[in-house]
Every structure is written in structure tokens, then in C-alpha cells.
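Inspection log for the structure reproduced underneath, given as C-alpha cells.
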Amino acid sequence: MDFSVILRTVGSLALISGALSIIISVAEKVLNNYGTCELDINQGQKKLSVQGGSSLLSTLAAEKIFIPSACGGKATCGLCKVQVLEGAGPLLPTEEPYISQQEREEHMRLSCQIKVKGNMRLMIPEELFNIREYICRVESITDMTYDIKLLRMKLPEGETVTFKAGQFMQFYTKPYGKVKEEVFRAYSISSKASEHDHIELLIRLVPGGICTTYVHTVLQEADQVRLSGPYGDFYLRGDCEELIMIAGGSGLAPIRSLVYDVIEKGLPHKMRFFFGANTVRDLYYMEEFAQIERDYPQFKFIPCVARPEPQDNWTGETGFVTVALENQVDSGDGKEAYLCGSPGMLDACIKILKDKGFTDQTIFYDKF
Amino acid sequence: MPQISPFIIFFASIITSNMILSNFLGMCSYLSVSSEYKTATGLGMAVTLVLVLTTVINWAVYEYVIVPLEIEYLQYIIFIMVIAALVQILEMGMDRYMPDLHAKLGIFLPLITVNCAILGVTLFMVIRHYGFFQSLMFSLGSGLGWWLAINMLAAIREKLKNAKLPPGISGAALSFIITGIMAMAFIGFSGIFTIQ
Ligand SMILES: Cc1cc2nc3c(=O)[nH]c(=O)nc-3n(C[C@H](O)[C@H](O)[C@H](O)COP(=O)(O)OP(=O)(O)OC[C@H]3O[C@@H](n4cnc5c(N)ncnc54)[C@H](O)[C@@H]3O)c2cc1C
Ligand code: FES
């Protein structure tokens with residue numbers, strides 16, 4: 001082939017793609033420049049001047065107002081809802097699946113989907129202002145089972161965290177190995193709500209998972225980690241006589257915090273905690289819960305092992321938690337249920353609870 | 001430049017040379033976004049808009065860049081780049097100046113970049129040596145024809161939602177059968193005008 005043909009091909013391709021990229025960047029500068037926008041939060045309580053052009057979620061995060069989000073802005077979790085009274089434009093097709101008719105009337109929007117393009121008026125629940133960022137030091141990493149680690153972190157000197165037992169934190173990883181970006185994931189707090197200068201998380205290894213692999217293989221004691229929180233509406237309502245608690249695997253985390261909360265506050269509720277595990281190897285915190293059971297007769301601990309081996313000499317409940325639930329809980333009267341764990345287990349348990357008379361108003365859960 | 005009236009081209013590309021029903025171009029989004037009439041309308045509108053804009057711009061790029069530089073062998077790459085860039089700019093512009101329309105069409109725009117009907121119309125325009133006005137009417141007609149076809153399919157699929165169908169036929173299979181019948185029906189128009 002003629003050398004000049006090669007030259008012309010490469011030259012014209014380079015020129016055309018160069019010209020197109022210049023046009024796109026100019027268009028971006030011109031079209032995506034929304035100037036300074038005023039955000040009015042809670043009827044004038046807080047006023048912010050921000051640069052328009054990004055999503056409301058990230059704009060607020062840059063102003064240190066953290067709206068819960070588990071999917072990182074991909075419109076798949078529906079957690080980032082914010083009430084926008086003015087300035088959000090029409091509901092987007094990506095939002096539709098997550099916004100119910102009632103929420104539409106209340107002007108709820110997914111903050112990760114709407115862009116700040118002008119002045120806006122928002123309502124943000126007071127407790128979200130409580131959400132802060134914490135740079136903690138890893139005090140210890142303990143193996144609880146073969147795939148669950150307990151991460152105990154110390155807040156910076158002089159700082160404290162206030163959360164409701166059952167809520168979760170977002171944990172930010174640093175880039176490592178092939179993972180070039182920071183990611184964040186939700187983890188329920190397992191420590192006592194009365195302990196304001198430490199945070200404990202129970203993290204189960206998900207094979208191939210970005211964040212859990214980071215925690216299990218990269219993170220070392222004395223490292224610095226970034227957390228934000230607390231988030232979530234999984235906390236004690238307590239409008240009843242007995243609490244039925246159900247967890248599997250790392251779902252034990254928020255339940256542990258809840259149990260201590262009820263005890264430390266001297267609340268009168270009876271508690272039954274069904275803890276489901278596949279094998280005896282998956283059980284942990286057994287001695288601790290047995291001790292609580294001895295000290296506080298209001299609390300009953302019911303570990304259930306689905307497939308115990310003969311050599312385990314397992315004497316507790318055998319079978320899935322659903323079986324124990326079916327046999328031991330008679331009705332939903334005067335009870336509230338708190339569930340945490342995998343979607344499969346939760347769905348099965350919720351079905352049984354509803355058959356027994358529990359309702360959407362008395363069942364609370366966090367699906368992992 | 002062939003001596004066909006642009007208006008004949010316009011009507012022919014809707015009826016006798018329909019992009020979907022006689023050329024079978026742009027099938028992927030046609031099949032996947034046709035379960036609801038409302039969204040199908042949105043996509044049809046977006047395809048028509050993008051088709052007209054890209055064809056007009058690609059006509060200019062072809063006449064004033066590709067032909068003078070004698071790089072016809074690069075036309076595929078260049079057309080695709082132009083389409084991709086244009087869709088991006090269109091999306092930003094719509095978001096800015098027509099937020100209502102953007103809310104309706106926004107999610108379809110990225111999907112359209114890879115719709116083969118868009119590239120197809122540009123390539124037909126080059127192969128058939130259309131002039132500017134002919135290309136404009138050709139793209140408008142092709143867009144409206146595509147829109148008509150997807151709306152018909154969506155309307156039929158909506159009607160069939162509650163129908164009792166033999167197992168195994170619902171979903172993609174049914175869409176193909178409907179499309180086949182519609183295409184056969186459109187053969188009835190052939191002979192009114194010809195451009196192919
Ligand atoms: C409110 C809330 C509280 C949570 N609390 C805890 C907690 O206390 N302890 C805890 O260990 N986890 C908890 N999770 C789950 C946690 O946020 C992460 O989803 C999980 O640790 C996986 O993160 P990853 O980055 O390692 O995996 P990713 O990189 O996100 O995923 C890797 C792969 O694993 C799959 N995957 C992701 N998550 C799961 C899963 N849970 N089970 C099976 N497959 C999965 C993905 O589809 C993907 O294919 C909680 C989640 C929510 C929403
Ligand atoms: S952040 Fe998950 S839907 Fe908005």
C-alpha cells in the first residue's frame with residue numbers, strides 16, 4: 001500500500017475525531033453549564049449556593065449532606081429519595097419504578113437521577129443532617145467464622161457518633177489491585193448504640209465482591225478507613241409487647257445492637273432471636289447471646305442449624321429458621337418482627353409472618 | 001443524483017420501503033421497546049428526530065469532507081462517529097432547553113446511537129446518490145415509517161396482552177410473527193412507488 005494513503009487515512013481520522021471531541025467538549029461547557037444555583041432546604045432553614053450541572057445526590061454530598069444510597073446513583077436501590085418542592089422538572093422514566101402514587105403527590109424524587117439545573121426547594125429530614133463522615137482507625141479485625149470478620153473502628157479523638165440501634169453505615173474502600181476506583185457499601189452497625197466513640201461492623205466475604213475482598217484481604221489493623229452515616233429506617237419501634245428478631249449470617253449485626261439497646265434502656269419488651277445458619281461452622285457470638293439469655297430472662301436465643309453434621313453434636317433447633325418460626329410463633333398479636341439477612345431467607349420468613357397475622361406495619365427488615 | 005421527486009421518496013420510505021417492514025433495519029430496539037404504546041411512541045419520535053439530524057449532517061460530511069479528501073473507504077467509521085457525537089450533544093441540549101421532551105426521550109437517546117436504521121439511512125443515501133433535499137425527505141420518511149411500524153406493533157401487542165395464546169408463542173416469537181404479517185400486508189402497497 002502507498003505510504004501516502006496510510007498517512008491520509010490516519011491523518012483524516014485523527015482530524016475528524018479531534019474535531020468531534022472539541023465540539024463535544026465545547027457543547028458540554030456551554031450546554032451543561034447551569035451557573036450558580038440556590039438550594040433552599042427545609043423552608044429557608046439552610047440555604048446553599050452550588051454549581052449546577054451534577055446530580056442532586058452528588059451536589060448535596062459535596063456540601064456534606066449525605067443522602068442514603070446503596071447503588072451509587074444507578075437508580076437501582078431507590079434509597080436516595082428526597083422531597084423536592086420546586087425545581088426538579090418532570091418525573092423521569094428511571095424514577096418511575098421507585099416512586100409510588102402517594103410519593104408522587106408528595107413530590108418525592110430520586111436525588112441521584114435529577115440534575116441541579118436551577119434554584120430548588122427541598123425538604124430533608126432533620127436526622128439526615130446528623131449524617132457525617134468519619135475517618136476512623138481500625139482497632140482490630142477478628143475472625144468470627146471462616147467468612148465473617150468483625151471490624152472494630154475507633155473514631156477520631158473527640159468525635160462521637162449517635163445512631164439508632166439497627167441503622168447502617170456506608171464503608172468506603174480505597175483503590176486496590178485491579179479495582180481502580182473507590183466504592184462504598186452499606187454495613188449495619190453491630191456495636192451498642194451507647195458506645196459513641198467506636199463502631200463495629202460484621203462483614204461477610206462475598207466471593208469476588210469488591211468491598212468484602214478489600215476488608216478481608218487488604219485492610220490491616222491501624223489502617224485509616226472512611227465511613228459515613230448513620231442511615232436507614234431499620235430501628236426499634238417498640239409499639240408492642242414482644243419483639244421477634246430473625247437473622248441469618250451477617251444479618252446478626254443490627255440485631256445485636258438492637259438487643260443491647262432494649263436491655264440498656266431497660267425497656268419491658270420480651271425478645272426472641274431466631275438466628276439461622278447453614279452449618280455449625282456458620283454460628284458465632286454463641287457464648288455472648290447465651291450469657292445475655294442467662295442474665296435477662298426477657299431474652300430468648302434460638303439458633304437454628306439447617307444441616308448439622310453428626311460430629312457437631314448439635315443439640316439446638318435443626319432445620320431452616322422458617323421451621324422454628326412456624327412452630328414457635330403463634331400469632332402476630334402484640335408483636336413486631338425485625339428481620340435481617342439475605343433476600344431469599346427474608347422473603348420466606350415474611351411470608352410465614354404474614355400468614356400468622358403480622359402486617360407491613362409490624363414487620364421491619366433490611367435486605368442485604 | 002437520480003431524478004426522483006423528494007416527495008415520492010418521502011412517501012415511498014414510509015410505505016413501500018419501510019425501514020422495518022421491508023428493509024428489516026433497526027429491529028433490536030423495535031422488538032425490545034414495543035411492549036407499551038406510550039414508550040414506543042417516545043422511541044419512534046426520538047428515532048425520527050435523530051434520523052433527520054444525522055442524515056442531514058452526514059450528507060454534509062460526505063459531500064464536503066469525505067469526497068474532497070477521497071476517503072470514501074472510511075465512511076462507515078466517520079458516519080458512526082458523527083452519529084455518536086451528535087446524539088450526545090442532542091441529549092445535553094435537550095436536557096437544557098427542552099426538559100419535558102428530555103424526560104420523555106432521554107433514556108432512548110443512547111439506545112438510538114446503536115440503532116442500525118440510523119446508519120442504514122445514511123448509507124442508502126450515499127449508495128443512491130441522493131441530493132440534499134432528497135436526503136432530507138428520505139430520512140424524514142424513514143423515521144416516520146419506523147415510528148409507524150413500532151406503534152403498530154406496540155398497539156397489537158397491547159391488545160394481545162390479555163389474549164389466550166398457545167404456550168411458547170408469547171414474547172419474542174409473537175412479535176416476529178406480527179412483524180411478518182405486517183410486512184406481508186405492506187407488500188400490498190408495492191408498485192405505488194419504487195425507489196429501490
Ligand atoms: C442496609 C444494608 C445493610 C447491610 N449490612 C451488611 C452487614 O452488616 N454485613 C455484610 O456483610 N453485608 C451487609 N450488607 C451487604 C453489603 O452492603 C454488600 O452488598 C456486600 O458486602 C457485598 O459487597 P461487595 O462490594 O463485596 O460485593 P460486590 O462487588 O458489590 O458484588 C460482587 C458480586 O457478588 C454479588 N453480590 C453482592 N452482594 C451479595 C450478597 N449479599 N450475597 C450474594 N451475592 C452478592 C453481586 O451481584 C456481584 O456479582 C448490607 C446491605 C444493605 C443494603
Ligand atoms: S442512589 Fe440508588 S437509586 Fe439513587
Side-chain angles (χ1 to χ4, degrees), chain A residues 1-2 4-35 37 52-56 74-76 84 86-99 104 109-110 112-120, chain B residues 32-33 35-43 45-46 53-54 57-58 60-111 113:
Chain A
M1 205 202 264
D2 197 340
S4 73
V5 175
I6 299 179
L7 210 62
R8 187 165 41 162
T9 308
V10 175
S12 35
L13 269 188
L15 268 181
I16 291 170
S17 41
L20 286 175
S21 2
I22 291 173
I23 294 174
I24 290 186
S25 9
V26 171
E28 167 128 40
K29 276 266 167 344
V30 176
L31 294 175
N32 214 9
N33 177 5
Y34 290 90
C37 306
S54 319
S55 74
L56 182 60
K74 293 197 287 276
T76 54
V84 186
E86 213 178 279
L91 196 72
L92 303 172
T94 43
E95 295 175 89
E96 267 168 25
Y98 299 96
I99 312 279
R104 264 171 226 214
R109 303 297 298 267
L110 290 189
C112 69
Q113 294 302 302
I114 56 177
K115 213 152 115 176
V116 179
K117 298 188 201 166
N119 299 346
M120 290 175 121
Chain B
S32 59
V33 194
S35 55
E36 272 177 50
Y37 191 80
K38 213 177 108 208
T39 31
T41 308
L43 182 65
M45 206 190 304
L53 287 174
T54 50
I57 291 180
N58 276 338
V61 168
Y62 185 74
E63 292 293 321
Y64 299 114
V65 181
I66 296 180
V67 174
L69 286 177
E70 292 171 41
I71 46 170
E72 281 87 353
Y73 53 92
L74 288 178
Q75 53 175 305
Y76 281 59
I77 302 178
I78 295 172
F79 288 151
I80 291 173
M81 289 197 303
V82 170
I83 294 171
L86 189 96
V87 171
Q88 273 203 24
I89 295 171
L90 190 68
E91 195 187 349
M92 282 189 270
M94 243 192 207
D95 195 8
R96 176 93 201 226
Y97 299 111
M98 293 171 273
D100 288 333
L101 193 63
H102 182 261
K104 282 202 206 84
L105 304 187
I107 46 166
F108 300 125
L109 288 175
L111 198 70
T113 320

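Letters A, B, ... mirror the listed sequences (proteins, then strands); counts begin at 1. In this text, all values refer to a predicted model and were calculated from it rather than measured experimentally.
- Looking at B:Ile77, the atoms closer than 4.5 Å to chain A (heavy atoms on both sides) all sit in the side chain, from C-beta outward.
- In this structure, the side chain of B:Arg96 does not engage the main chain of A:Lys117 through any donor-acceptor pair within 3.5 Å.
- Contacts of A:Ser12 with chain B are made by side-chain atoms alone, with heavy-atom separations under 4.5 Å and no backbone atom involved.
- Among all heavy-atom pairs drawn from B:Val82 and A:Leu20, the shortest one is N-CD1, 4.0 Å.
- Interface remark: of the candidates B:Gln88, B:His102, B:Met92, B:Met92 forms the most heavy-atom pairs closer than 4.5 Å to chain A.
- Comparing A:Leu92, A:Ile16, A:Ile24, A:Leu15 by how many heavy-atom pairs each has under 4.5 Å with chain B, the most go to A:Ile24.
- By number of non-hydrogen pairs under 4.5 angstrom with chain B, the leading residue of A:Glu28, A:Arg8, A:Lys115 is A:Arg8.
- Listed by sequence position, B:Leu69, B:Glu70, B:Ile71, B:Tyr73, B:Leu74 are the residues of residues 66-74 of chain B in contact with chain A, using a 4.5 angstrom heavy-atom cutoff.
- With a 4.5 Å cut-off on non-hydrogen atoms, B:Val61 does not touch chain A at all.
- Rounding to the nearest 0.5 Å places CG of A:Asn32 at 7.5 Å from CG of B:Asp95.
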